[in-house]
Amino acid sequence: FPGEKEITNELITAVIDDGKGNIWIGTDNKGIYISYHQDGKGYERLSKEVDNPFSLPNNHICCFYKDHSDIMWVGTSKLGATFTSLHNVTFETCRLPQQEDVSCLVEDKDGNLWVGTVEGGLNKKSKGSDEFIHYTFDQNNPTSISNNSIRGILIDSENHLWAYTW
């Protein structure tokens, strides 16, 4: 890939194909590299820019998820989830109730975004809303989630959410 020499010594934390022939590569401390395969443009590095509110909020990338509207969601360390259109890459950050590391992101069939965190529980952003509902473990509630560290989330064919923990 065109940026191979630059990224060789980086810890890669997440990889996703954006559906347009481009590979997004998340790193531990250098932000995101996008390898453009379709147009021969090469690659681009996206990172936190102190004076730019539309840049990444953090250079530690934990995970990616592309939703049905061609929005790329990026989970970061300690600064929540950020998102951008694939057509115009400028980031907007969602502040979660608990600003833990975002470990996973997924969209259910109703268009709701689910965000799993390390030690911060599970968060749901309903379609059309900017607010998150926060779910945490409660030992006195047998219907609460089983642990506040969410490792991954699966939406099955019947739109049931399965969260696995560590």
Side-chain angles (χ1 to χ4, degrees), residues 7 10-20 22-34 46-48 53-86 89-166:
I7 200 171
E10 297 304 324
L11 176 62
I12 295 173
T13 54
V15 178
I16 191 169
D17 182 330
D18 68 8
K20 301 188 180 315
N22 307 311
I23 305 297
W24 291 52
I25 302 167
T27 67
D28 185 47
N29 65 4
K30 294 283 186 170
I32 299 170
Y33 291 84
I34 303 174
L46 307 173
S47 60
K48 178 179 176 60
F54 301 109
S55 71
L56 286 170
N58 185 316
N59 284 330
H60 180 99
I61 308 304
C62 300
C63 58
F64 293 115
Y65 181 75
K66 186 184 82 123
D67 73 15
H68 75 282
S69 300
D70 276 348
I71 301 296
M72 184 65 75
W73 290 87
V74 180
T76 69
S77 175
K78 303 292 184 227
L79 291 173
T82 188
F83 62 95
T84 184
S85 166
L86 292 178
V89 179
T90 58
F91 291 96
E92 185 174 334
T93 299
C94 293
R95 296 294 177 195
L96 300 172
Q98 298 291 319
Q99 291 300 103
E100 294 298 329
D101 293 350
V102 173
S103 56
C104 53
L105 301 132
V106 71
E107 181 181 35
D108 66 23
K109 293 178 180 165
D110 298 323
N112 302 311
L113 180 73
W114 294 87
V115 181
T117 66
V118 177
E119 298 181 6
L122 182 65
N123 300 279
K124 175 186 176 185
K125 181 182 167 301
S126 296
K127 183 178 180 176
S129 173
D130 290 332
E131 301 296 318
F132 282 89
I133 300 169
H134 187 212
Y135 300 93
T136 57
F137 170 69
D138 178 352
Q139 66 182 9
N140 297 318
N141 181 354
T143 64
S144 75
I145 63 175
S146 62
N147 191 299
N148 286 330
S149 287
I150 309 297
R151 175 68 179 109
I153 305 169
L154 169 78
I155 304 295
D156 70 18
S157 61
E158 296 181 12
N159 207 30
H160 296 127
L161 180 136
W162 297 81
Y164 46 102
T165 63
W166 69 66

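Here, residue 1 is the first one in the sequence, and each next residue gets the next number.
No donor-acceptor distance shorter than 3.5 angstrom exists from the side chain of Ser85 to the backbone of Ile71, with no hydrogens or angles considered. Counting only distance, with no hydrogens or angles, the side chain of Glu10 and the backbone of Lys30 share no donor-acceptor pair below 3.5 Å.
Every residue meeting the ring-ring contact (aromatic ring centres under 6.0 Å, His included) condition with Phe83, not counting sequence neighbours, appears here in chain and number order: Trp73. Judged as a side chain to side chain contact (heavy atoms under 4.5 Å, CB included), and not counting sequence neighbours, the contacts of Ser157 are Lys109. In this structure, the side-chain hydrogen bond (donor to acceptor under 3.5 Å, both in side chains) partners of Asn112, at least two apart in sequence or on a different chain, are Asp108. Not counting sequence neighbours, the partners of Trp162 by the side-chain hydrogen bond (donor to acceptor under 3.5 Å, both in side chains) test are Asp156. Partners of Ala14 by side chain to side chain contact (heavy atoms under 4.5 Å, CB included), not counting sequence neighbours, listed by chain and number: Phe64. Scanning for side chain to side chain contact (heavy atoms under 4.5 Å, CB included) contacts around Thr13 gives Leu11, Asp28, Ile61, with sequence neighbours left out. For Tyr164, the side chain to side chain contact (heavy atoms under 4.5 Å, CB included) criterion is met by Arg151, not counting sequence neighbours. The ring-ring contact (aromatic ring centres under 6.0 Å, His included) test applied to Trp24 returns no partner, not counting sequence neighbours. Judged as a side-chain hydrogen bond (donor to acceptor under 3.5 Å, both in side chains), and not counting sequence neighbours, the contacts of Thr143 are Asn141. In this view, Lys66 and Asp70 satisfy the salt bridge (charged side-chain N to carboxylate O under 4.0 Å, His left out) rule, not counting sequence neighbours.
Looking at heavy atoms from C-beta onward, Trp166 lies out of side-chain contact with Asn147 at the 4.5 angstrom threshold.
The one candidate from Asp101, Asn29, Asn58, Asn59 that meets the side-chain hydrogen bond (donor to acceptor under 3.5 Å, both in side chains) condition with Ser77 is Asp101.
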Sequence neighbours left out, cut at 3.5 Å: what donor-acceptor pairs do the side chains of residues 126-139 make with other protein atoms?
residue : atom : partner : partner atom : Å
Ser129  : OG   : Glu131  : N            : 3.0
His134  : NE2  : Gly120  : O            : 2.6
Asp138  : OD1  : Asn140  : N            : 2.9

